[in-house]
Number of protein chains: 2
Amino acid sequence: MHIVITGAAGFLGQRLVDQLVSAGQLAGSSLSRLTLIDQTEPPRPEAGDLATKTLALDISQPGALDDVLAEQPDVIYHFAAVVSSAAEGDLDLGMRVNFDATRDLLEGCRKHGLTRTRLIMASSVAAYGGDLPHTLDDMTALHPQNSYGAQKAMSELLINDYSRRGLVDGLVLRLPTIVIRPGRPNAAASSFASSILREPLKGEDAICPVSPDLELFIMSPATVVDALVHGAEVPGEALGAFRAFMLPGITVSVSEMLETLREVGGESALARVQFRPDPKIEAIVGSWPSRFSNLRASRLGFRSDKDFRDIVRAFMDENA
Amino acid sequence: MHIVITGAAGFLGQRLVDQLVSAGQLAGSSLSRLTLIDQTEPPRPEAGDLATKTLALDISQPGALDDVLAEQPDVIYHFAAVVSSAAEGDLDLGMRVNFDATRDLLEGCRKHGLTRTRLIMASSVAAYGGDLPHTLDDMTALHPQNSYGAQKAMSELLINDYSRRGLVDGLVLRLPTIVIRPGRPNAAASSFASSILREPLKGEDAICPVSPDLELFIMSPATVVDALVHGAEVPGEALGAFRAFMLPGITVSVSEMLETLREVGGESALARVQFRPDPKIEAIVGSWPSRFSNLRASRLGFRSDKDFRDIVRAFMDENA
Ligand SMILES: NC(=O)c1ccc[n+]([C@@H]2O[C@H](COP(=O)([O-])OP(=O)(O)OC[C@H]3O[C@@H](n4cnc5c(N)ncnc54)[C@H](O)[C@@H]3O)[C@@H](O)[C@H]2O)c1
Ligand SMILES: NC(=O)c1ccc[n+]([C@@H]2O[C@H](COP(=O)([O-])OP(=O)(O)OC[C@H]3O[C@@H](n4cnc5c(N)ncnc54)[C@H](O)[C@@H]3O)[C@@H](O)[C@H]2O)c1
């Protein structure tokens, strides 16, 4: 089994590489080749016998992936993307990387006859927006309020159409907000959601810019990686009439997150979180949906985290 | 007021031109210029003082509209499209005309600073699909099951995003099935819906390929044209978070249509309709949604036809 990953040097790409290399198989077939692509050459994993290629490619250059696709990969994970704030700041860049490159990848699959190749793209909860109902489901419209979300939604439609036409075997997973991300706070509006747990658990201070009532729809990094692996296992016939859907996150409020922090890390950890309201962040994150019901993904075997305490414990184990 | 129409030689384009020329105004401003564009030069209307330009342009050629947009039109009706069967038959052609040309038009608006130009595109009920609920509303997702619908849905997202960014003042109206179209039966799957009334009312035979229970969501040509005119009147601020929505059609079953035919045209007219089931047509048309409730368009002043009998009477008056 030959697996290609675009954006392989990124957060999810690196976690998935670790998982694939340690499992040595995907969807019941043993791995033979791994092709890792990013703007700058991704780190080469310690992968024993596995034939591993690491390539520095700008996927927004038309045909950039042509040689890779000519090798008839079995599974393609398409992660390379310009994230929301960058796509909002530069419409042309976002269109080129988030949409045109997806289209170019689909055209490459068509050209090389990759009708049975499972192409898995990561979309986002940020594709939802506008006047949303209290609880969403698989039939809730995407009315994105940011260019990143619009570009992801357009890519979803295109992957679905190419799959419907039998040109590729596509699948798009809309990811919840990922918590707890390792590393440092970053410019993402949702950065605090990891920060208010990660920093106190390391004995550092953290700022919470939103009210305790705010709810988020979240998934742990390990569960996202499980979903990405499962995405290669689900048969195309089971995917139904539209090949893009929301993954089953769990709904947690900031106050529930902090209560868990207190349970796991004690009063001293909780005391490290300072509320300092930032209306801009509250507005952005508050506009993301946090409640979904009856998701198709669950019936297709994509699992959610059990509860928030498990997420925190897993983080502590990993970072112990 | 300078109005541009792409696809102006088509069915809706021609009806809208007639309406605009006879009204002499749009959205409270008197018409000064009309630029009509199609693949082959559209007919030049009898338009008195109105400065009328008719252009043969292939809008799928990048920059084809550049000179026209440089003239800073106030309203653009974007109708040029490859219809569903053709877009299904030729993916590249559909993408080029239905999507790339829309994107190129948006880029032209951006380049020429047409931030206040109202751009109105016609989308379609064919953009809906998949496992639809019994009754749809404005928040029902677009899961198109044909390339035409996918290309329209992608164009909707792009027009919304360019509008949200203030680059143009866009609006997309999803049209119901238009009944009664004048002319001859054509290759459209919905052709029978006009045919089973139009032909008998002219004393000719017609074939009904679907069961009498089948329901359609329809709008008369006159009401569609009213909606296109109203689309130039609705203020941008009223359009809310997503600038694409379904127009308020009415739901009628084939048996209701035929009952009206009997009332208006008598038993002899009804006797001209022969049922000859065609499972392929039943499958296509039966997959289109026919029931919508609580549509935003109604609250924005877009009106629906009163009832099916009015539609038939209006057709008879027009064709008397
Ligand atoms: N992490 C999340 O919370 C989250 C949530 C929703 C969706 N997603 C999506 O999941 C995917 C992966 O997310 P991530 O958190 O790993 O992001 P990331 O930013 O860590 O990784 C993205 C990678 O794409 C690469 N890239 C960008 N432009 C490129 C180009 N032109 N050519 C080649 N490579 C390019 C970047 O260098 C980066 O390594 C993205 O598509 C993202 O939109 C992530
Ligand atoms: N009539 C309907 O029932 C209906 C329903 C839903 C949506 N629509 C949409 O409404 C719009 C108008 O529909 P219509 O019934 O008038 O269609 P039509 O086919 O009569 O008119 C479309 C026109 O576009 C022109 N065109 C196609 N490609 C072109 C190109 N590359 N450059 C320039 N012109 C080009 C054609 O020559 C044609 O005159 C279309 O966008 C259609 O998708 C129509």
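Order of the sequence lines sets the chain letters (A, B, ...), proteins ahead of strands, with each chain counted from 1.
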[X] to [Y] - nearest heavy-atom pair and separation:
X	Y	answer
B:Arg164	A:Pro144	CD-O, 4.4 Å
B:Ala241	A:Gly130	CB-CA, 3.5 Å
A:Leu157	B:Leu157	CD1-CD1, 3.6 Å
A:His143	B:Asp138	CE1-O, 3.5 Å

Below 4.5 Å, heavy-atom pairs only: which of B:Met95, B:Glu107, B:Met154, B:Gln151 has the largest tally toward chain A?
B:Met154
Under a 4.5 Å heavy-atom cutoff, which of B:Ser147, B:Ala150, B:Gly240 has the most pairs with chain A?
B:Ser147
Quick one, A:Leu136 with B:Met139, criterion side-chain contact (heavy atoms from CB on, under 4.5 Å). Give me CA distance, side-chain angles, the key distance, then yes/no.
CA-CA 10 Å; A:Leu136 288 73; B:Met139 284 310 291; over 6 Å; no
B:Asp131 with A:Arg296: basic N within carboxylate O range, under 4.0 Å:
no
Near-ring test A:Phe242/B:Tyr128, centroid separation under 6.0 angstrom:
no
Among A:Leu142, A:Leu158, A:Asn160, A:Leu132, which residue has the highest count of heavy-atom pairs closer than 4.5 Å to chain B?
A:Leu158
Name the member of A:Ala153, A:Gly149, A:Ala244 that forms the most heavy-atom pairs with chain B at distances under 4.5 Å.
A:Ala153
Between B:Arg243 and chain A, which part of the residue has a heavy atom less than 4.5 Å away: side chain, backbone, both or neither?
neither
Over 12 non-hydrogen atoms of neighbours within 6.0 angstrom of CZ in B:Arg116
no
Where does [X] contact chain B at under 4.5 Å (heavy atoms): side chain, backbone, both or neither?
X	answer
A:Asp137	neither
A:Glu88	both
A:Arg110	side chain
A:Leu91	both

Under 4.5 Å between any side-chain heavy atoms of B:Thr140 and A:Thr140, yes or no?
no
